[in-house]
Each structure stands twice: as C-alpha cells, then as structure tokens.
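Below is one structure, written out as structure tokens, with a few remarks after it.
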Amino acid sequence: MAIKVQVPTPMREAAGGNAEVAVAGATVKDALADLVRQYPALGSKLFDGGKVRPYVNIFVNDEDVRYLDDLDTKVTDGVVVALIPAVAGG
C-alpha cells in the first residue's frame, strides 16, 4: 500500500488526468517531491520559489498540515494527502 495524493480537478491535466496518484516518502515534503518527479508539470502549480503556493491547502487524512508539522508532517503507507485549492468568491 502506498501513500495516495488526491489531485484536484484543476490540476489533473498536469497529473496525466489522474484524480489520485500513489507516491512514496516519509514526510509530506517527500511525498510531494515524488509526485512532482512523476508529473513535473505539477511543480509550478504547487510551488513558487520552493514554497507551497498560498492558494494550495494540504491535508493529511483530513487534517490541515498547517496545524501539524507542515511539510515535515510524517506520512506512512495508507495515508491520504489531499491537495485542496483555495476557493475565493464575492
């Protein structure tokens, strides 16, 4: 069993049309690095200058990583990492 990254609809084209991608890594940062290794086009959608873009929220099993250890949050097989784009409106 691998770590699964859920890719939101606006980013799926850069992920080969996949809604979910299996990745490896010990932390969220490692898992995202593996995701970008598999689908390099996702790099610019997720990161700007090495930092996660402000409109991308990252959850590990429904917990916002900002309230955990951010990108250093540990992940193990079976964990689901969800990429959630921020929604703005008015």
Side-chain angles (χ1 to χ4, degrees):
M1 187 181 294
I3 298 158
K4 295 178 184 175
V5 177
Q6 294 177 336
V7 181
T9 303
M11 295 181 188
R12 287 183 189 160
E13 183 177 329
N18 294 303
E20 193 171 88
V21 177
V23 299
T27 64
V28 170
K29 183 176 184 176
D30 296 340
L32 294 179
D34 190 39
L35 177 68
V36 171
R37 182 190 59 75
Q38 292 180 54
Y39 298 99
L42 280 173
S44 63
K45 296 189 179 297
L46 294 174
F47 299 101
D48 182 25
K51 295 188 185 272
V52 175
R53 289 190 176 272
Y55 60 81
V56 177
N57 299 301
I58 303 170
F59 289 78
V60 173
N61 289 341
D62 300 324
E63 293 285 333
D64 191 330
V65 297
R66 291 177 291 190
Y67 302 109
L68 300 171
D69 290 325
D70 207 35
L71 295 182
D72 293 325
T73 300
K74 302 270 188 246
V75 292
T76 57
D77 284 354
V79 164
V80 175
V81 176
L83 306 175
I84 310 291
V87 177

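Quantities reported herein were computed from a predicted structural model and do not represent experimental measurements. Residue numbers run from 1 in the order of the sequence given.
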First locate atom CG of Asn18, then atom NZ of Lys4, and finally report the distance between them rounded to the nearest 0.5 Å. 13.0 Å
Under 4.5 Å between side-chain heavy atoms, counting indirect links through other Ile/Leu/Val/Met/Phe/Trp/Tyr residues: same cluster for Ile84 and Val23 or not? no
Could you tell me whether the side chain of Leu42 reaches within less than 4.5 Å of the side chain of Val21, counting heavy atoms only? no
What closest approach, in Å, do Gln6 and Ala82 show between heavy atoms, and which atom pair accounts for it? OE1-CB, 3.5 Å
Output yes when a side-chain donor or acceptor of Asn57 lies under 3.5 Å from a complementary backbone atom of Pro85, and no otherwise. no
Check the pair Phe47 / Leu32 against side-chain contact (heavy atoms from CB on, under 4.5 Å), numbers first and verdict last. CA-CA 10 Å; Phe47 299 101; Leu32 294 179; 4.0 Å; yes
Report the distance from atom CG of Leu46 to atom CG of Asp48, rounding to the nearest 0.5 Å. 11.5 Å
Could you please spell out the steps behind the side-chain contact (heavy atoms from CB on, under 4.5 Å) verdict for Ile58 and Val81? CA-CA 7 Å; Ile58 303 170; Val81 176; 3.8 Å; yes
I need the minimum non-hydrogen distance between Val7 and Ala15, along with the two atoms involved. CG1-CB, 4.1 Å
List the steps, then state whether side-chain contact (heavy atoms from CB on, under 4.5 Å) holds for Val56 with Met11. CA-CA 11 Å; Val56 177; Met11 295 181 188; 3.8 Å; yes
With Asp64, which residues qualify under side-chain contact (heavy atoms from CB on, under 4.5 Å), at least two apart? Phe59, Arg66, Tyr67
Using only atom types and a distance under 3.5 Å, with no angle test, would you say the side chain of Gln38 pairs donor to acceptor with the backbone of Ala22? yes
Heavy atoms of other groups near Glu13 CD, more than 12 under 6.0 Å: no
Side-chain contact test, heavy atoms from C-beta onward, threshold under 4.5 Å: evaluate it for Ile3 versus Asp34 and give yes or no. no
Contact check, side chains of Leu83 and Leu35, non-hydrogen atoms, under 4.5 Å: yes
Sole candidate of Val65, Asp72, Val79 that passes side-chain contact (heavy atoms from CB on, under 4.5 Å) when paired with Val28: Val65
